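Following: one structure in structure tokens, then a few remarks.
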Amino acid sequence: MAEVDSIDNLLAARNFLNASLEKSRVLAVALDKTGPRLEEIKGRLSSLEAAFRSTSMRKCSLGVVRDQIDCAIGPAAAVLKVFDGVRELEKSLLSEPCSDLSKYLSIMKQLEEAMRFLAGNCRLSIEWLEGIAEAFDGSSVVDDQYISRVKKCLRILQELQATDVCARLNGGLLFEALNKLETEFKDLVTQHTIPYVLKLQAIIDRLNANGRLENCISIYAEIRSSNVRRSLEVLDLEYLEKSMSESDDVQDIERFIDNWCEHFELVVKHVFEPEYKLCNDVFDKTGSDACMRCFAKIAAQSGILSFLQFGMNITESKKNPLKLLKLLEIFSVLDSLRVDINLLFGGDACLEIKNLTRDLVKRVVDGVCEVFWELPLQVELQRQISPPINGTVPRLVSFVTDYSNQLLGEDYRPILTQVLVIHQSWKQEKFEKGLLTSQIYNIIKEIALNLDAWSSSYEDNTLSYLFMMNNHCHFCNLKGTELGEMLGDSWLKAHEQYRDYYVGLYVRESWGNIFALLRQGRKSNARDSAKKRLKAFNEAFDYMYKKQSFWVVADKSLREKICNLVVQAFVPVYRSYLQSYGVLVEQDVSASKNVKYSVYNLEKMLSSMFQPKLRKYGSSRHLEFIGKIKNVVTNQFHLMLTAT
């Protein structure tokens, strides 16, 4: 009802203004006639020059009024004409934009232009009429009634000039029309996975022209980020929220990092990159940084910071060698995405994301180098632990050689080299080509020193020999690997010689003395002597065999070689002894006790020694056991690192 009254008032004001303008025209005509008449009077009555001087001043004033009125008439007439057009455009905006968006936007643009034109012409008319009112207020040139009408016209024009402002206020027609456009914008973004860009651009153009660009950015970012979050739910990203203290299991952490590497690359390339392109298309015509500001909101609200923070948590977790490999994998992903990340998050609007990414890269590089340079020291610190009681290759040795092969392999070596180059450049130091291999040499050197220390800690020399030939065999098996190539053929051949040397010592020291019992006194034919020698042999053989039944030679070829050497060296001695003295022993009633083993059984026993005990486990239990071994080794490193 208030709006109807306002419209009626404006229509009445328009009619009044028309009437006032008509009277102003009549006055202007009268003033035109007054000027010549005053000139005629001046020429005829020279004696009244002083009086005519005042009349001339009056003529001048009336001329000013005429000019002022002429200047005011043009803009005022334009105001009345435009006002009629505004009323028609306002009626058209009562419909919804979705019915015909392009027509709706066109009408809105025309209305905005009309209101600006209306306000501009009102301003001009007001300026001229204010000049008239100010010049003749209280003057006798025109009557008070005329001045009152001029002032009333001024008030009417001032109301018309405020039409644009009122329309933009809450509840105004233009305000409501802009709200409808925002709703239409939201619906288009919500209802379409890939929105109609041209429609969105057209809406943004009008809203931006009316100071509502930030509303567009907020609406668009909220809806698109919500879509992204829903699409990421299928990836099961709960691990991003886990702190490393919640799970110290190495395999769990490795799995989390593997997932992170896969998911982060997928999210950047297949989620954020398309979102960035779409965002750029939608806000391309705003001529501002709206695109980057909008995309920064989408990325932040979609969870990009959670990905980066997870990486930071990994760098802050406990230090161990496997962490180095995983840090290299993280660096590899970050490096492969470097161009994408710089493109997507390089602007000032993404400053938080950019800074966190930079910090993550620095933490990863520092973490890799910290663990890498400490590896020889950590191997040395393991020297105080006891060697395996079964004489096999220590888990640390197999772990370190496998680990070194990984560092030297094509999957990790280029990345590690790149990280070392970066870290050296940060310290303003030149990277030397042999830096990586030199460090690996140092690690293997410490392993060799550990083996010497461990072998000397065995109380049983034969077990020490078995231990050393196992480890030298392990080194020989590095042939054909990355580590073997780095160490060289001469190094490998040296370990082959050491292996064979300790094999010989083991065979001689462990079984040689036992079978030597059968050689002592072979020329004696006394039954009692033969029985005693067999008894002594049986006792010594049982003791040695029982003791070595727990010993392990993991390498199959080495195991077969040792067993064959023992069989070939000593079974013929046993066979020969039984052939020589078996008849005497077998004549005794306790012959079964004296000849405890047949040649066949003895050979079978010696041929089946040193079998790995892991073979009795099923595959799943075996994998579980290997996982526990990995945890033990890495936890040992962690304890040593903590101690230092």
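Computed from a predicted model, the values in this text were never measured in an experiment.
The side chain to side chain donor-acceptor pair (under 3.5 Å) pairs that include a residue from residues 307-317 are Gln309-Asn313, Glu316-Arg363, where partners are two or more places apart or lie in different chains. The side chain to side chain donor-acceptor pair (under 3.5 Å) contacts involving residues 410-421 comprise Glu329-Tyr412, Asp335-Gln418, where partners must be two or more places apart or lie in separate chains.
For the pair Val189/Leu200, a side-chain contact is recorded, criterion being any heavy-atom separation below 4.5 Å from C-beta on. Counting heavy atoms from C-beta on, the side chains of Asn320 and Lys323 come closer than 4.5 Å. Residues Phe372 and Leu436 are in side-chain contact: their nearest non-hydrogen atoms beyond the backbone lie under 4.5 Å apart. Within the 4.5 Å cutoff, no side-chain heavy atoms of Leu327 are placed close to those of Phe331. Side-chain contact between Arg212 and Asn179: present, with at least one pair of heavy atoms (C-beta onward) separated by less than 4.5 Å. Using a 4.5 Å heavy-atom cutoff, the side chains of Ile314 and Lys326 are not in contact.
Checked against side chain to side chain contact (heavy atoms under 4.5 Å, CB included), Ser306 has the following partners two or more places apart in sequence or in another chain: Leu240, Glu241. When the side chain to side chain donor-acceptor pair (under 3.5 Å) test is applied to Tyr276, no partner is found at least two apart in sequence or on another chain. Partners of Glu222 by salt bridge (Lys or Arg N to Asp or Glu O under 4.0 Å), not counting sequence neighbours: none found. In terms of the ring-ring contact (aromatic ring centres under 6.0 Å, His included) criterion, Phe431 has no residue partners (sequence neighbours excluded). The side chain to side chain contact (heavy atoms under 4.5 Å, CB included) check on Lys430 picks up nothing, with sequence neighbours excluded. Looking at residues two or more places apart in sequence or on another chain, you find a side chain to side chain contact (heavy atoms under 4.5 Å, CB included) between Lys277 and Glu273. Remark: His192 engages Leu188, Tyr196 in a side chain to side chain contact (heavy atoms under 4.5 Å, CB included) (not counting sequence neighbours). Applying the salt bridge (Lys or Arg N to Asp or Glu O under 4.0 Å) rule to Arg255 yields the partners Asp252; only residues at least two apart in sequence or on another chain are considered.
Contact detail for Cys279 and Cys291: the closest heavy-atom pair is SG-O, 3.5 Å. When all heavy atoms of Thr286 and Ala290 are compared, the closest pair comes out as OG1-CB, 3.7 Å. For the residue pair Asp281 and Val197, the shortest heavy atom distance occurs at O-CG1, 3.8 Å. For the residue pair Val361 and Trp426, the shortest heavy atom distance occurs at O-CH2, 4.5 Å. Of all heavy-atom pairs spanning Cys294 and Ala221, the tightest one is O-CB, 4.0 Å.
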Please tabulate, for the side chains in residues 298-305, all donor-acceptor contacts under 3.5 angstrom to protein atoms that are two or more places apart in sequence or on a different chain.
unit_1, atom_1, unit_2, atom_2, d
Gln301, OE1, Ser225, OG, 3.0
Ser302, OG, Ile298, O, 2.5

Name every donor-acceptor pair, under 3.5 Å, that has one atom in a side chain of residues 340-349 and the other anywhere in the protein, sequence neighbours excluded.
unit_1, atom_1, unit_2, atom_2, d
Asp340, OD2, Lys269, NZ, 3.4
Asn342, ND2, Arg338, O, 3.3

Determine whether Glu214 and Arg293 satisfy the following criterion, side chain to side chain contact (heavy atoms under 4.5 Å, CB included), listing intermediate values before the conclusion.
CA-CA 10 Å; Glu214 294 304 317; Arg293 290 188 287 115; 2.6 Å; yes
Hey, mind stepping through Leu207 and Leu178 against side chain to side chain contact (heavy atoms under 4.5 Å, CB included) and telling me if it holds?
CA-CA 7 Å; Leu207 293 175; Leu178 292 171; 3.9 Å; yes
For a side chain to side chain contact (heavy atoms under 4.5 Å, CB included) check, start with the C-alpha distance between Asp205 and Lys285, then their side-chain angles and the critical distance, and finish with the verdict.
CA-CA 8 Å; Asp205 180 62; Lys285 295 184 178 180; over 6 Å; no
Full working for side chain to side chain contact (heavy atoms under 4.5 Å, CB included) between Arg358 and Asn355:
CA-CA 5 Å; Arg358 186 186 297 113; Asn355 289 341; 2.9 Å; yes
May I have the step-by-step check of ring-ring contact (aromatic ring centres under 6.0 Å, His included) for His263 and Phe310, ending in yes or no?
CA-CA 12 Å; His263 293 160; Phe310 175 84; over 10 Å; no
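Shown here is Glu429, whose CD atom has more than 12 heavy atoms of other residues, nucleotides or ligands within 6.0 Å. Sparse packing is recorded around NZ of Lys186, with 12 or fewer heavy atoms of other residues, nucleotides or ligands lying under 6.0 Å away.
Rounding to the nearest 0.5 Å gives a distance of 9.5 Å between CD of Gln191 and CD1 of Ile223. Between the CD1 atom of Ile217 and the CG atom of Asp289 there is a distance of 7.5 Å, given to the nearest 0.5 Å. Between the CD1 atom of Ile257 and the CD1 atom of Ile330 there is a distance of 5.0 Å, given to the nearest 0.5 Å. Summarising the geometry, atom CD1 belonging to Ile204 is positioned 8.5 Å from atom OH belonging to Tyr220; distances are rounded to the nearest 0.5 Å. With rounding to the nearest 0.5 angstrom, the CG atom of Leu328 is 7.0 Å from the CG atom of Leu407. With rounding to the nearest 0.5 Å, the separation of CG in Leu235 from CG in Leu266 is 6.0 Å.
Ion pairing of Glu275 with Arg224 is present here, as a side-chain N (NZ or NE/NH1/NH2) and a carboxylate O approach within less than 4.0 Å.
Phe283 has its ring centre no less than 6.0 Å from the ring centre of Phe295.
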